[in-house]
Structure formats: C-alpha cells, structure tokens
Amino acid sequence: MDNSNQWWKDGVIYQIYPCSFADSNGDGVGDLQGIITHLDYLEELGVDAIWLSPVYPSPMVDFGYDVSDYCGIDPLFGSLDDFDILIREAHSRKIRVIMDLVLNHSSDQHPWFLESRSSSDNPYSDWYIWRDGKPGGKRPNNWSSWFGGWAWEYDEGRGQYYYHMFGKLQPELNWRNPQLREAMMEIFRFWMDRCVDGFRLDVFNQYFKDARFRDNPQKLGLRKFDRQTHIYDTDQPEMKGAVEEIRQVTDAYPERYVVGESFLVGPEGAAKYMGDGKLHAAFNFELLNCPWDAGRMQAALQRWENALGEDAWPTLVLNNHDNKRSSSRYRTGENDDRNKAAAVLLLTARGTPYLYYGEEIGMRNIHVPYSQIQDPPGKRYFPLFPTRDACRSPMQWDNSPQSGFSSSAPWMTVHPDFPYRNAAAQRDDPESLYNVYRKLIALRKEHKALQEGLYMPLTFEPKTLMAYLRQTKDEMILVAINFGRKPVRLFLGSDLAGKTWNLLLSTRREKLEQPQGNAIRLLGNEALVVDLD
Ligand code: GLC
C-alpha cells in the first residue's frame, strides 16, 4: 500500500466533541448532521482532519467513552448513513476523519460483557478481566480507579470481581484473549472499509495489566488513585506487540493514521510507542500542563524533542475534552493576547498541532455548580478538581439564542460570553483570535519550514521570552513569543540580526521595523513569525 503521503505530519487536526458542536434536530445534543452543516467553517479555518470523540451506541455514563457497540452510531448522533455522508462531505473538502476508538474498556451494557458476566464458561467469559477475591472476601489486589475508589467491582452472578480503571460501568477488556484481540482488529477494518482515515486510541497503553496482578507500591497523594505508583496496572511490556499488530492492520490500507492517548506517562513513555512499525503518533500532555511561563514551555518542547527517535513525529496539544481550557488556564480575562501567543506556539513548533473545538475563538471554561455536574469524576472530586463538563460547553457559533448551537435548551450551559465571543463575530473581525488561528494554519501550508523544518531553540529570558528557528535548506523562520506583559528586547547574533526581516505574522501589529543593532523589540504578550532572508 502507498503510505508515502504523510498528511498527518503536515496537517492540523481539530477535535470535535460531538455532543457540543452543533445540534441539527433540536434535542439539545450535538449530532453528525450538525457537524456536516459546519464543514464549510472547518474548511475555511483550514484544518486537515477532524477527530470525533466517540459517536458509537453508548449509555453515555462517560459521554460515549463507554461503548456498547463498536460498529454503530448512537441514535443521539444520527445513523451510519449520516456517518457515510459526513465522510463523503468531509473528503470532498479535503478534510480527513479520525475516529476515537475506546478499546481498553467497554460499557457494562455491551453484549460481550452481558455474556461475560452471565457465567464463567461461556465463549465471552474470558473477554474481560475477572479475578477471584482473596480469602476473607478481600479484593484481588490494591489497584485503584481513576474515577475514584477501588478498581474492582464484585459481581454476584459470577462470584468474582471485574476490573475497571475508570467508572465501574466501564469494565476492562482482556487483551490477552486471542479472540478478543482479533475482534478488536476487525473493528479497525470495519471503519477503514467505511473510509475512515485514522484513529485516536483512548488510553491505549492501559490495554495490558500485570500478568501476576501484583499490588502497586504505595506513596503519598491526595486521591486514593494518587496514593500508589501505577507500575502494575498500566503500561505493561505486552503493549509493544499489540501496537505492532495495530500498525500492520492499518498499514494494509493506504494513508491511515493512528495516534494513541498515552495515559500516566510522560514524553519518554509516549515516545516508546511511536515510529516505524509502531503508532504514527502519541500524545504528550506536558505542554498542556505547563503554566504560562516561557522557560517551562521551552523545556517541555525540548524534553519532547529529546525523547523522540529519528522516525517519530511529535504531537502538540494545548486543549482537549479532559482539561481546563487554555484560555482559562492562562487567566486571560477578556483579553486574547496570551491566547494569540499560545496559538503561535502551537502552530509553529515542530509537530502535528491538535486544536479542540472553540479553542480558535478562545472559548473559556464555564462555571458548573455541583447540581449541574454530569461528569462522574467531576461529581466525585468536587470541589477538589474542576469537573470536565466545564470545558465541554456548546460551541459558540453566533449571538442568537443558545449561541446558534441548538434550537432548544442545550445539554450543558452555554458560556454567558457568547453574545460577543462567537465564531460569526470573530470571522468578521480581522484582529480576532479566530483570524490569528486561520492565518497561522495558512502560513503552515505556505511555508515548509513551519511544517517539516528543523526546530532550533534560541533561549533568552527564561520566564518571559521564548524564541526558536524553524529551518529547511531554503527557508529560515524565526518565532519569538513574549510571555510577559511588558515589552522586551530580543537580542540576536549579527548573522540573524543582519538578515532582512519579513514579517509573516505579529499578534499585535501590522508592520515590523528592521532590527536596531542586534535587537528587536517585542510588545507585551506579542508573538512574531518572521521570515529571515
Ligand atoms: C480517556 C478519555 C476520557 C475518558 C477516559 C475513559 O482519558 O479522554 O474522557 O473518561 O479515557 O474512557
């Protein structure tokens, strides 16, 4: 198969949280037809692919990350026919479609689990992780759940415990069972046969657990989950073989892409699964977890670069459906200067940028009172940790009721700033955050150096100033970002300062003077992208 077109290296990927993107049938929940209606918007923004958070049939206890049928579409979102239309319409605009595959666990309502729990000698009995308790009615071991409490749930019928790293209605599949594994590979083929271009693998490095089910060592921490070192319940060596098999299966189709959500590991942990014969990419959330600090961001990029082998390509992420939105993390008030600077970082550093719906218009987290929390860990850990609902509010399309998202009350509150912070208003405003995203995406397409060029950090003021070059043999592009509120001077060697500076983009001004001596002055929170000739 011809896999030479590595669109995912050059491309920009946009994550859609389907419940919250656009509601076409007025039930308050986003759907596939809603997405189809807004493909023109995405084409204009310039994204190369959309990643859909799960749209499979599901009881929705974890908003679709609890799947009850891997090869269907939940009626809430539409039908398989709608899905085929989405693929066709997206492809006609040169937008690829990436599905979210949640293969570590299913819903407890999946027919496989219903069978599995019905007896210990049916064909599916070993498709989930079942263990006997320890003498005295104790749990099989000390493993804890990320959603809170223990990770073992006792099932009266089987007289055994089943394992769940997430909610207790999300039992974990047993990847050591060869039939289960083959069923998983069939799911990949099913969607590729429907012309899906790639997959995002939910918590993929969680597929295997220690074969001997040893206790995790204890440590200090806030939640039960943090009070142990997770060495036996995640990221086991057997994952290597599964990753290789997934790559073989997807390589049998042209130009497919697989990105894994690495769970509980840093850049080095993610990097070991990436490259030739392994996944095309994996997430590293270090940048997302960095405060607004130039040195910390630059160090995070460098650690990612250092961790990656020659054949691995980085991913760049500032937002997703599990984390507080960057515009709220960076405490920008109503001002978007920091968000514009962050956009420059995301879209000019080396790697595949991932955008999360609404990031391009600077949507903020909403306030969710306890009575309105729908996210299970959000409820459990209130008010210790913010609920994930807060970053999943309806897309702000325009200033009409419900922000143009739906004709009726949406499933989650719309941010009260929608009358002035919305896509329609920002499209018309040349100075808006939306237009910075759009220009940056276009610049990446025009300048190979921004897509494929070497990344060369130039370190200046650790807290406030970050600068780097992106370079191919024909082009040298300088990116400089002032993280501080005050103007700052960027000093360069005479080799760089002596070149002609062609401004490609500034987040704060139209024109740039040539450097004075060896220095160029950046305005507060300004980011510059300059072509050096
Ligand atoms: C991933 C998803 C998250 C979900 C969890 C369990 O981390 O991103 O939303 O709750 O997996 O499926």
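Nothing fancy with the numbering, it's 1 onward along the sequence. Just follow the structure's listing: the first ligand is 1, and inside any ligand the first atom is 1.
Residue, atom and distance of the protein heavy atom nearest to atom 9 (O) of ligand 1 are Asp322 OD1, 2.8 Å. In terms of protein heavy atoms, atom 10 (O) of ligand 1 is closest to Asp62 OD2, 2.6 Å. Scanning the protein heavy atoms around atom 7 (O) of ligand 1, the nearest turns out to be Glu261 OE2, 3.0 Å. What sits closest to atom 1 (C) of ligand 1 on the protein, heavy atoms only, is Asp202 OD1, 2.8 Å.
Seen from the ring of Tyr161, Arg139 does not count as a face-on cation partner, given the 6.0 Å and 45° thresholds. Judged by a 6.0 Å distance limit and a 45° cone about the ring axis, Lys209 is not positioned over the six-membered ring of Trp143. Under a cutoff of 6.0 Å and an axis angle of 45°, Arg325 and Tyr357 form a cation-pi pair.
The contact set between ligand 1 and Arg388, taken as ligand atoms under 4.0 Å from a residue heavy atom, comprises 3 (C), 4 (C), 9 (O), 10 (O). For ligand 1, the atoms closer than 4.0 angstrom to any heavy atom of His105 are 6 (C), 12 (O). Numbered from 1 in the order shown, with element, the atoms of ligand 1 that lie under 4.0 Å from a heavy atom of Arg200 read 8 (O).
Using a 4.0 Å cut-off between a side-chain N of Lys or Arg and a carboxylate O of Asp or Glu, Arg247 and Glu244 do not qualify as a salt bridge. A salt bridge is absent between Asp251 and Lys278: the closest approach of a Lys/Arg side-chain nitrogen to an acidic carboxylate oxygen does not fall below 4.0 angstrom. Using a 4.0 Å cut-off between a side-chain N of Lys or Arg and a carboxylate O of Asp or Glu, Arg189 and Glu182 qualify as a salt bridge.
Under the 4.0 angstrom criterion for non-hydrogen atoms, Trp146 is not in contact with ligand 1.
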